[in-house]
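Shown next, in structure tokens, is the structure this report addresses.
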Amino acid sequence: MELHKIELVADWLKNAHHTVILTGAGMSTESGIPDFRSREGWWKKIDPMTVSTIEALENEYEMFHGFYSLRLEDLTTCQPHKGHKLLSEWEEQGFVSGIITQNVDGFHQEAGNQTVHELHGSLRSIFCSTCGHPADEEAFLNQKACSECQGHLRPDIVLFGEMLPQEVWGQAIRLIEESDLLIVIGSSLQVSPANELPFLTDGKKVIINNEATLLHDQFDLQLVGRAGDVLEVINKQMKGGELT
Ligand code: NAD
């Protein structure tokens, strides 16, 4: 890892008034949750466009249910990793104002972050796709129908072709417009409109990803590495530890 870049970002974090973190699926791969687009990602096994859509929910429920049951079951065996925990400590210590995430796993909240805007909803919340009545994870995993109207149950996530929750989107924009430092972690920045967010800040922009993305050169600083490892080194630098 390039140490001068670590020193710089640690310095920016210590001196910024309003740091916002934007995370993508790469933030959670070290917890054992696959992302979509990297070598081990879901897209190499199954095309999410065939399952993560309203069409699949309406016309191919077996397939839709199978995919999301697997993803929900992953959450019972995986936990937030050291990187999630550091982001939570940074919020508590006043270094981070809030997190905007494309992830649906709830790991930022589980790690202790208080201000988390979930752009794409949450796998952990289930409701009826017909009448909107809430249901529990157990009912979804057992492929039960809605207790009110017998409709299909679904997780409260944004499927391809659906609108982002407008209130959350507005909160995310406001948070970023106020920021003087924005750090993107683990996102290919290919999913719209979330990939527009980093460019709404007038502040500095940093990206931490394990490979270069197409938008890498539009950031003030790029750190290539695993999210948890990079955050750990930055934290050590911020706290005045010896870097190796
Ligand atoms: P993406 O799959 O398009 O990109 C992930 C990026 O993270 C890739 O560039 C990959 O190289 C990088 N990456 C993988 N592991 C990393 C690591 N340990 N450290 C640093 N970088 C790493 O993900 P996206 O941009 O978030 O968009 C995908 C969509 O999929 C989002 O809408 C999201 O809701 C959804 N998704 C969420 C989860 C989750 O909640 N954990 C998992 C899979 C997909």
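Order of appearance sets the numbers: ligands from 1, and atoms from 1 within every ligand.
The number of heavy-atom neighbours closer than 6.0 Å to CD of E138, taken from other residues, nucleotides and ligands shown, is 12 or below.
Distances between N or O atoms of V191 and those of ligand 1 include no value under 3.5 Å. By the 3.5 Å distance cut-off applied to N or O atoms, D105 is counted among the residues near ligand 1. Between G24 and ligand 1, no N or O atom pair is found at a separation short of 3.5 Å. Residue T213 has no nitrogen or oxygen atom sitting less than 3.5 Å from a nitrogen or oxygen atom of ligand 1, judged on distance alone. Distances between N or O atoms of Q190 and those of ligand 1 include no value under 3.5 Å. Distances between N or O atoms of V104 and those of ligand 1 include at least one value under 3.5 Å.
Close approach of ligand 1 to S187 (heavy-atom distance below 4.0 Å) involves ligand atoms 6 (C), 7 (O), 24 (P), 25 (O). Of all the atoms in ligand 1, the ones that sit under 4.0 Å from a non-hydrogen atom of H120 are 31 (C), 32 (O), 33 (C), 34 (O). Short contacts between ligand 1 and G186, defined as distances under 4.0 Å to a heavy atom of the residue, involve ligand atoms 5 (C), 6 (C), 7 (O), 21 (N). Proximity to A227 (heavy-atom distance under 4.0 Å) selects the following atoms of ligand 1: 17 (C), 18 (N), 19 (N), 20 (C). Those atoms of ligand 1 that come under 4.0 Å of a heavy atom in E30, given as number and element, are 17 (C), 18 (N), 19 (N). Short contacts between ligand 1 and S28, defined as distances under 4.0 Å to a heavy atom of the residue, involve ligand atoms 41 (N). Set against the non-hydrogen atoms of G225, the atoms of ligand 1 under 4.0 Å away are 19 (N), 20 (C). Using a 4.0 Å cut-off to heavy atoms of G26, the atoms of ligand 1 that qualify are 5 (C), 7 (O), 13 (N), 14 (C), 15 (N), 16 (C), 17 (C), 18 (N), 19 (N), 22 (C).
Residue contacts with ligand 1, taken as heavy atom pairs separated by less than 4.0 Å, involve I33 solely via side-chain atoms from C-beta onward.
Here the closest heavy-atom approach between residue N113 and residue H84 is recorded as OD1-O, 4.0 Å. I207 approaches S187 most closely through the heavy-atom pair CD1-O, 4.3 Å. Scanning both residues, F64 and V51, for their nearest heavy atoms gives CD1-O, 3.2 Å. When every heavy atom of L189 is checked against every heavy atom of T213, the shortest pair comes out as CD1-OG1, 4.5 Å. Across L223 and K5, no two heavy atoms sit closer than the pair CD2-CB, 3.7 Å.
Cluster membership for L221 and V96, using ILVMFWY side-chain heavy atoms within less than 4.5 angstrom, is shared.
Relative orientation of the Y61 and H152 rings is parallel, given thresholds of 30° and 60° on the angle between their planes.
A salt bridge does not link R124 to D156: none of the charged side-chain nitrogens sits closer than 4.0 Å to a carboxylate oxygen.
Remark: the Q171 side chain and the H117 side chain contain an N/O donor-acceptor pair separated by less than 3.5 Å. In this structure, a donor-acceptor pair under 3.5 Å is absent between the side chains of Q114 and E92.
Residue G228 places no heavy atom under 4.0 Å from ligand 1. Residue contacts with ligand 1: R71 is included, with a non-hydrogen atom under 4.0 Å away. Under the 4.0 angstrom criterion for non-hydrogen atoms, P34 is in contact with ligand 1.
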